[in-house]
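Please read the structure below before turning to the comments.
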There are 2 protein chains.
Amino acid sequence: MTDLLAQLPGYALRRAANAVMGELAPILAGHDLKIAEAAVLLLVREQANLTSSQIGKTLDIQRANMVPLLNRLESAGLIHREPIDKKSLAINLTKDGEAKICEAGAAIDTFEKNLLARVPAEHRDHLLPALNAIWR
Amino acid sequence: MTDLLAQLPGYALRRAANAVMGELAPILAGHDLKIAEAAVLLLVREQANLTSSQIGKTLDIQRANMVPLLNRLESAGLIHREPIDKKSLAINLTKDGEAKICEAGAAIDTFEKNLLARVPAEHRDHLLPALNAIWR
DNA sequence: TATTGTTATACTCTATAACTATA
DNA sequence: TATAGTTATAGAGTATAACAATA
């Protein structure tokens with residue numbers, strides 16, 4: 001019935017992403033994080049002293065939308081901002097932020113493993129390179 | 001740098017879906033259709049006399065959100081609704097609706113081919129089965 | 001009792017435009 | 001001139017609750 005739609009890569013991509021994000025969101029909510037916030041924390045942990053603009057470019061988040069996101073992370077005591085010059089702010093994790101992304105990161109790793117486990121073995125190793133070829 | 005995030009299948013899935021939908025939307029907008037509307041037309045063309053509820057269940061659209069969507073398609077003269085009983089309405093394409101999804105469908109087919117062409121040959125045939133395994 | 005279609009509403013996510021201060 | 005951070009706002013898209021009428 002829906003086989004026609006499921007044969008469209010674009011449609012399958014949309015449904016798969018919606019399904020996966022719909023499952024990940026409540027897991028991260030258990031850590032009081034949204035998906036975009038977790039992505040920011042993972043990136044900031046990986047690379048120190050990034051600015052808001054740099055984070056936005058890397059994660060495809062508009063500068064304007066970074067403001068409330070970072071404000072919330074800062075209010076929660078997970079990041080702190082330090083002037084680089086009179087124009088830019090370096091963003092880094094606080095101790096609490098490190099602890100938070102450590103525990104949330106473990107939940108994410110488990111989630112990602114379970115996600116890959118759903119894919120039949122013969123297709124599994126092809127998923128990531130195929131997806132990254134589409135957007136990178 | 002972002003390699004850490006790009007190695008998470010969930011993250012790659014999200015970015016790929018966002019990128020692809022961001023490209024498809026303006027193409028369909030050229031046919032005065034939104035992505036969800038095009039999906040409805042494709043489904044309704046494939047299977048006659050579906051109800052709003054059935055379409056919603058198949059495409060993962062809330063019943064409440066089907067109302068404005070179908071109203072717009074009906075106002076545009078692309079679908080018509082006919083009572084099945086005193087409770088349900090059968091939805092089918094009009095002549096204009098058939099013409100619309102024919103031309104939009106051609107654009108979608110071209111888009112999907114170009115999408116697959118981006119995926120390296122050795123991964124290409126694995127994408128669709130991997131994605132469908134995730135959500136179906 | 002469960003389901004259909006519907007209304008109204010709220011919430012999240014994202015996009016745009018404009019402003020200032022600084023590089 | 002271009003960029004960083006910010007504000008305000010608007011638009012999608014989606015989710016929830018409730019209702020009347022019917023299966």
Side-chain angles (χ1 to χ4, degrees), chain A residues 10-11 13-15 17-29 32-40 44 49-75 79-92 135, chain B residues 10-11 13-15 17-29 32-40 44 49-75 79-92 135:
Chain A
Y11 183 78
L13 188 54
R14 181 167 130 112
R15 288 298 297 267
N18 286 347
V20 168
M21 294 306 121
E23 293 165 16
L24 179 57
I27 292 174
L28 291 179
D32 194 27
L33 287 177
K34 297 179 183 181
I35 291 176
E37 292 170 344
V40 168
V44 167
N49 297 315
L50 288 174
T51 66
S52 174
S53 291
Q54 289 171 327
I55 296 170
K57 281 171 191 162
T58 301
L59 300 183
D60 194 29
I61 302 173
Q62 302 290 326
R63 304 158 291 294
N65 296 329
M66 287 297 300
V67 177
L69 193 160
L70 291 180
N71 283 345
R72 204 179 92 84
L73 292 179
E74 189 177 44
S75 297
I79 62 167
H80 66 101
R81 304 187 238 205
E82 195 175 4
I84 294 177
D85 48 35
K86 289 180 182 171
K87 187 180 174 187
S88 300
L89 297 169
I91 293 161
N92 288 287
W135 71 273
Chain B
Y11 183 79
L13 188 55
R14 181 167 130 113
R15 289 298 296 268
N18 286 347
V20 169
M21 293 307 120
E23 294 166 16
L24 179 56
I27 292 174
L28 291 178
D32 195 26
L33 287 176
K34 296 179 183 181
I35 291 175
E37 292 170 344
V40 168
V44 167
N49 298 315
L50 289 175
T51 66
S52 174
S53 291
Q54 289 171 327
I55 296 170
K57 281 173 190 161
T58 301
L59 300 183
D60 193 30
I61 302 174
Q62 302 291 325
R63 302 161 293 293
N65 296 329
M66 287 297 300
V67 177
L69 194 161
L70 291 179
N71 283 346
R72 204 179 92 84
L73 291 179
E74 189 177 43
S75 297
I79 61 166
H80 64 102
R81 306 188 237 205
E82 194 175 4
I84 294 178
D85 50 34
K86 288 178 183 173
K87 188 181 174 187
S88 301
L89 297 169
I91 292 162
N92 288 287
W135 71 273

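Below, chain A is the first sequence line, B the second, and so on; all start at residue 1.
In this structure the side chain of A/N92 reaches within 4.5 angstrom of the side chain of A/H80, judged on heavy atoms. Contact annotation: the side chain of B/S52 never approaches that of B/L89 to less than 4.5 Å [non-hydrogen atoms, C-beta and beyond]. When side chains are defined from C-beta on, A/R14 counts as touching B/I35, because their heavy atoms get closer than 4.5 Å.
Taking atom CE on A/M21 and atom P on C/dT14, their separation rounds to 11 Å, with Å as the unit. Distance B/N65 CG to C/dT4 P: 16 Å, rounded to the nearest Å. Distance CD (A/Q54) to P (D/dT3): 13 Å, rounded to an integer number of Å. Note: CG (A/L28) to C1' (C/dT12) measures 15 Å, nearest angstrom. Rounded to an integer number of Å, the gap from CE of B/M66 to P of C/dT7 is 14 Å. Residue B/N18 contributes atom CG, which lies 10 Å from atom C1' of C/dC13 at whole-angstrom precision. With rounding to whole Å, B/I79 atom CD1 is found 11 Å from C/dG5 atom P. Rounded to whole Å, atom C1' of D/dG5 lies 17 Å from atom CD of A/E82.
Contact annotation: B/R14 side-chain N/O to C/dC13 OP1/OP2 distance is not under 4.0 Å. For A/K86 and D/dT3, the shortest distance from a side-chain N or O to OP1 or OP2 is not below 4.0 Å. One finds a side-chain N or O of B/S53 lying less than 4.0 angstrom from the OP1 or OP2 phosphate oxygen of C/dG5. Put simply, B/Q62 has no side-chain N or O that comes within less than 4.0 Å of OP1 or OP2 on D/dT14.
Residue B/A36 is classed as having no contact, given no heavy-atom separation below 4.0 Å to the nucleic acid. Nucleic acid contact for B/I61: none, since no nucleic acid atom lies under 4.0 Å from a heavy atom of the residue.
Toward the 5′ end of DNA chain C lies the nearest nucleotide of A/K34, the other residue of the pair A/R63 and A/K34 mapping further downstream. Between A/N71 and B/D85, it is A/N71 whose nearest contact on DNA chain D lies nearer the 5' terminus.
Listed by chain and residue number, B/E74 satisfy the salt bridge (charged side-chain N to carboxylate O under 4.0 Å, His left out) test with B/R81 (two or more places apart in sequence, or in another chain).
Nearest to the side-chain atoms of B/A64 among the listed nucleotides C/dA8, C/dG5, D/dT6 stands C/dA8.
With hydrogens and angles ignored, a donor-acceptor pair under 3.5 angstrom links the side chain of A/K87 to the base of C/dT22.
Nearest heavy-atom pair, A/L13 versus B/L13, reported as atom, atom and distance to 0.1 Å: CD1-CD1, 3.7 Å.
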